[in-house]
Amino acid sequence: MTGLDEQGRPLPPLAGGETETILGFLEYQRATFAWKCSGLDAAGLRATVGVSTMTLGGMLKHVAFYEDHWFSYCLRGNERQAIWNDDYFDADPDWEWNSAADDSPEELQALWQGAVARSRDLLSETLADGGLGRPAGRTRRDGTTPSARWIVMHMIEEYARHNGHADLIRESIDGLVGE
């Protein structure tokens with residue numbers, strides 16, 4: 001990292017190697033998401049924009065799920081965390097989005113922060129055990145096996161997409177803007 005920006009987000013290195021640059025962008029996207037979701041009460045985390053039902057609370061739970069899904073379940077081949085029980089998703093394919101309204105801001109933040117911490121540890125283990133080229137420990141439904149590099153890039157994409165949504169929702173709540 002080359003320092004912090006005015007929001008306290010770690011800046012990706014301008015001339016780092018592949019691993020440092022990719023991880024730098026993942027951490028920057030995570031920090032942007034944390035900033036957009038910070039300091040809000042339950043009403044703020046349940047706010048929507050226009051006809052969309054998307055909320056920042058739902059997004060916190062959704063991204064927590066995908067942190068665990070990609071880094072623990074897929075990359076390392078671990079079983080799912082108990083909270084991600086398939087029965088919930090069988091009953092409601094959008095369970096993580098919809099059930100977030102029942103969770104407190106503290107629960108949602110802790111869920112996401114815990115998932116990110118586990119993901120960092122699991123990715124660190126992976127980098128020490130084969131690097132970004134290491135194949136995932138679990139194949140996808142279509143029989144393909146992504147590399148650690150693909151998973152990290154996919155998570156950067158996931159955060160970048162949702163950070164755009166988060167920016168619009170947050171601006172509608174209290175006027176907070178910025179990339």
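The basis for the numbers below is simple: all heavy atoms, side chains too, and nothing from hydrogens, waters or symmetry mates.
Between T139 and T144, the closest side-chain pair of non-hydrogen atoms is not below 4.5 Å. Considering only heavy atoms from C-beta on, F71 stays 4.5 Å or farther from R120 through its side chain. Inter-residue side-chain proximity for M155 and V152 is flagged as unmet; no heavy-atom pair is nearer than 4.5 Å. Between Q109 and L60 there is a side-chain heavy-atom pair separated by less than 4.5 Å.
Classified by interplanar angle (parallel below 30°, tilted 30° to 60°, perpendicular above 60°), the ring pair H62/Y66 is perpendicular. Between Y88 and W95, the angle of the ring planes stays under 30°, which puts this pair in the parallel group of the 30/60° scheme.
Of all heavy-atom pairs spanning W84 and A64, the tightest one is CZ2-C, 3.7 Å. Nearest approach of M54 to W97, heavy atoms of both residues: CG-CZ3, 3.4 Å. In plain terms, the two heavy atoms of V49 and S172 that are nearest each other are CG2-OG, 3.4 Å.
Look at D167 and K36 and you find a salt bridge, because one of the NZ, NE, NH1 or NH2 atoms lies within 4.0 Å of a carboxylate O, short of that distance.
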(request) Check the pair R80 / D68 against side chain to side chain contact (heavy atoms under 4.5 Å, CB included), numbers first and verdict last. (result) CA-CA 7 Å; R80 292 195 189 281; D68 277 338; over 6 Å; no
(message) Between Y159 and E27, does the side chain to side chain donor-acceptor pair (under 3.5 Å) criterion hold? Intermediate values first, please.
(response) CA-CA 10 Å; Y159 275 106; E27 290 301 332; over 6 Å; no
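Taking the centre and axis of the six-membered ring of Y73, the NZ or CZ atom of R138 falls inside the cone set by 45° and 6.0 Å.
Listed for the R9 side chain is no donor-acceptor partner under 3.5 Å among the backbone atoms of Y28.
Distance check: R134 CZ to D129 CG gives 4.5 Å after rounding to the nearest 0.5 Å. For the atom pair CD1 (I83) and OG (S99), the distance works out to 7.0 Å, reported to the nearest 0.5 Å.
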